[in-house]
2 protein chains.
Amino acid sequence: MAVLYHHPAPEDITLLPLLRAVADPVRLGIICHLHSLGEANCTTLLRGRPKSSMSHHFQVLREAGILQTRVEGVQHRNTLRLDVLEDRFPGLMTSILRECPTNLSEKG
Amino acid sequence: MAVLYHHPAPEDITLLPLLRAVADPVRLGIICHLHSLGEANCTTLLRGRPKSSMSHHFQVLREAGILQTRVEGVQHRNTLRLDVLEDRFPGLMTSILRECPTNLSEKG
DNA sequence: TTCATTGTTCTATGTTGATAGAACAAAAAG
DNA sequence: CTTTTTGTTCTATCAACATAGAACAATGAA
């Protein structure tokens, strides 16, 4: 897993890929959970889904510039890049996060 | 064309369909053009695309609550529902419209 | 009525992308 | 070294959706 993640620079984050990434129920869920948890690894957010699926979604979010991944031992910890996103597209993430269900623990 | 359009009520506009609708290059283009033109019919925004495709995209935008269509004679005039959207998802459309190319006439 | 314009509906096609199993890779623990 | 945990990569499959042609419907003009 000595994977070298590529996190796009702020200038390279563009609207369309970002909207595409966000326009998916699973990924929207990931975003909301990351927002409430602050940081989380892939396995934490599986809900019966296969790891390969989640890994895919994290990759999409990463390449869209929405989250960044930090390797710590065996785990890959993910965080939202809120500052960067707010700087790049003011108000966008805020308006999306506002729609997150308040009680995320209902399903885990 | 005595089509009865269904425009969802503000409460029935939900985030995921809205994001889905917006996460498409053609529809993003339509949105930007509508924003700069104020109002436009389908044919005005064709750029070599078949009418059926555009009609489809307008339908998606309409059902997502992004625009409303007003029939005037043979033409169907479309407008963004900015007030409703701003009320429902504050800041979202604003942050998207901010990314519209300033010179929309480059390609039409 | 006849024709032109506008846009929808129907249908088919093709492409993109989500899902998921299996094999693999890396790190830490035993 | 072996095992366990974590997550990626590869591959295949399936579903959703964009594209587009053709026929149709409605309005207005000639």
Side-chain angles (χ1 to χ4, degrees), chain A residues 1-7 14-31 33-34 37 39-64 66-79 107-108, chain B residues 1-7 14-31 33-34 37 39-64 66-79 107-108:
Chain A
M1 283 193 266
V3 187
L4 290 193
Y5 291 119
H6 174 62
H7 297 108
T14 53
L15 185 62
L16 192 56
L18 192 145
L19 290 175
R20 280 188 183 288
V22 147
D24 176 277
V26 176
R27 292 195 287 266
L28 218 43
I30 293 177
I31 290 174
H33 277 274
L34 279 184
L37 296 176
E39 192 177 48
N41 61 344
C42 190
T43 300
T44 304
L45 299 185
L46 303 171
R47 279 134 221 283
R49 299 178 189 282
K51 294 183 296 180
S52 54
S53 293
M54 285 307 264
S55 185
H56 163 67
H57 286 303
F58 275 102
Q59 182 184 18
V60 172
L61 289 169
R62 195 180 305 120
E63 292 177 348
I66 295 176
L67 59 78
Q68 71 192 131
T69 310
R70 179 174 67 87
V71 177
E72 183 146 329
V74 192
Q75 297 187 6
H76 296 195
R77 307 278 178 73
N78 302 280
T79 347
K107 275 199 170 184
Chain B
M1 285 192 268
V3 188
L4 290 193
Y5 291 119
H6 174 61
H7 297 108
T14 52
L15 185 62
L16 192 56
L18 193 145
L19 291 176
R20 279 191 183 289
V22 148
D24 176 277
V26 176
R27 292 195 288 265
L28 217 45
I30 293 177
I31 290 174
H33 276 275
L34 279 184
L37 296 175
E39 191 176 49
N41 61 344
C42 191
T43 300
T44 304
L45 300 185
L46 304 171
R47 280 135 220 283
R49 298 178 191 283
K51 294 183 297 181
S52 56
S53 292
M54 285 307 265
S55 185
H56 162 68
H57 286 302
F58 275 102
Q59 183 184 18
V60 172
L61 290 170
R62 195 181 303 121
E63 292 176 350
I66 296 176
L67 59 78
Q68 71 192 134
T69 310
R70 177 175 69 87
V71 178
E72 183 147 329
V74 192
Q75 296 187 8
H76 296 195
R77 306 278 177 73
N78 301 279
T79 347
K107 276 198 170 185

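Sequence lines set the chain letters: A, B, ... in the order given, protein chains first and strands last, and positions in each chain run from 1. Side chains are part of it too, since the values below use all heavy atoms of this structure and drop only hydrogens, waters and symmetry mates.
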Q: List the residues meeting side chain to side chain contact (heavy atoms under 4.5 Å, CB included) with B:Ser52, not counting sequence neighbours, and say none if there are none.
A: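 Side chain to side chain contact (heavy atoms under 4.5 Å, CB included) check on B:Ser52 returns B:Pro50.
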
Q: Which nucleotides of nucleotides 10-17 of chain C have their base under 4.0 Å from a protein heavy atom (B), which only their sugar-phosphate (S), and which neither (-), written as one string 5' to 3'?
A: --------

Q: Would you indicate, yes or no, if C:dT6 has its OP1 or OP2 atom less than 4.0 angstrom from a side-chain nitrogen or oxygen of B:Asn41?
A: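 Answer no for this pair, as no side-chain N or O of B:Asn41 is under 4.0 Å from OP1 or OP2.
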
Q: Could you please name the option among C:dT19, D:dA18, D:dT6 that lies closest to any side-chain atom of A:Gln75?
A: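 The closest nucleotide is D:dT6.
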
Q: Of all the nucleotides listed (C:dT8, C:dG21, D:dG7), which has the minimum atom distance to the side chain of A:Pro50?
A: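 Selected nucleotide: C:dG21.
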
Q: Counting the benzene-type ring for Trp, do B:His76 and B:Phe58 have ring centres under 6.0 Å apart?
A: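 No, they do not, as the ring centres are separated by 6.0 Å or more.
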
Q: Once side chain to side chain contact (heavy atoms under 4.5 Å, CB included) is applied, do any residues pair with B:Thr14, and if so which ones, sequence neighbours excluded?
A: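 Counting only residues at least two positions away or on another chain, B:Thr14 forms a side chain to side chain contact (heavy atoms under 4.5 Å, CB included) with B:Pro17.
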
Q: Both B:Val60 and A:Arg62 contact DNA chain D. Which one's nearest nucleotide lies toward the 5' end?
A: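 This one resolves to A:Arg62.
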
Q: Side-chain polar contacts of residues 18-30 of chain A - donor-acceptor pairs under 3.5 angstrom, sequence neighbours left out - could you list them?
A:
from    : atom 1 : to      : atom 2 : distance (Å)
A:Asp24 : OD1    : A:Val26 : N      : 2.9
A:Asp24 : OD1    : A:Arg27 : N      : 3.0
A:Arg27 : NE     : A:Ala21 : O      : 2.7
A:Arg27 : NH1    : A:His57 : ND1    : 3.1
A:Arg27 : NH2    : A:Arg20 : O      : 3.4

Q: Applying side chain to side chain contact (heavy atoms under 4.5 Å, CB included), name anything that partners B:Arg70, two or more places apart in sequence or on another chain.
A: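 By the side chain to side chain contact (heavy atoms under 4.5 Å, CB included) rule, B:Arg70 matches B:Glu39, B:Glu72, B:Arg77.
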
Q: Check whether any side-chain nitrogen or oxygen of A:Tyr5 sits under 4.0 Å from OP1 or OP2 of D:dG7, and answer yes or no.
A: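 Looking at the OP1 and OP2 atoms of D:dG7, neither is under 4.0 Å from any side-chain N or O of A:Tyr5.
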
Q: Mind checking B:Arg70 for me? I need base, sugar-phosphate or nothing, with any heavy atom below 4.0 Å counting as a touch.
A: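 Answer is nothing: B:Arg70 stays at 4.0 Å or more from every strand.
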
Q: Pick the closest DNA chain C nucleotide for B:Met54 and for A:His57 by heavy atoms, then say which residue is nearer the 5' end.
A: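 Looking at the nearest nucleotide for each, B:Met54 comes out on the 5' side.
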
Q: What residues, two or more places apart in sequence or in another chain, satisfy salt bridge (charged side-chain N to carboxylate O under 4.0 Å, His left out) together with B:Arg49?
A: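 Once residues adjacent in sequence are excluded, B:Arg49 has no partner under the salt bridge (charged side-chain N to carboxylate O under 4.0 Å, His left out) criterion.
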
Q: Would you mind telling me which of C:dT8, D:dT6, D:dG7 lies closest to the side-chain atoms of A:Val74?
A: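 Looking only at side-chain atoms, A:Val74 lies closest to D:dT6.
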
Q: Heavy atoms from C-beta onward define the side chain here; which of D:dG28, D:dT8, C:dA27 lies closest to that of A:Ser55?
A: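 The listed nucleotide nearest to A:Ser55's side chain is D:dT8.
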
Q: Does a side-chain N or O of A:Thr43 approach OP1 or OP2 of D:dT5 to a distance below 4.0 Å, or not?
A: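 False: A:Thr43 side-chain N/O out of range (4.0 Å or more) of D:dT5 OP1/OP2.
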
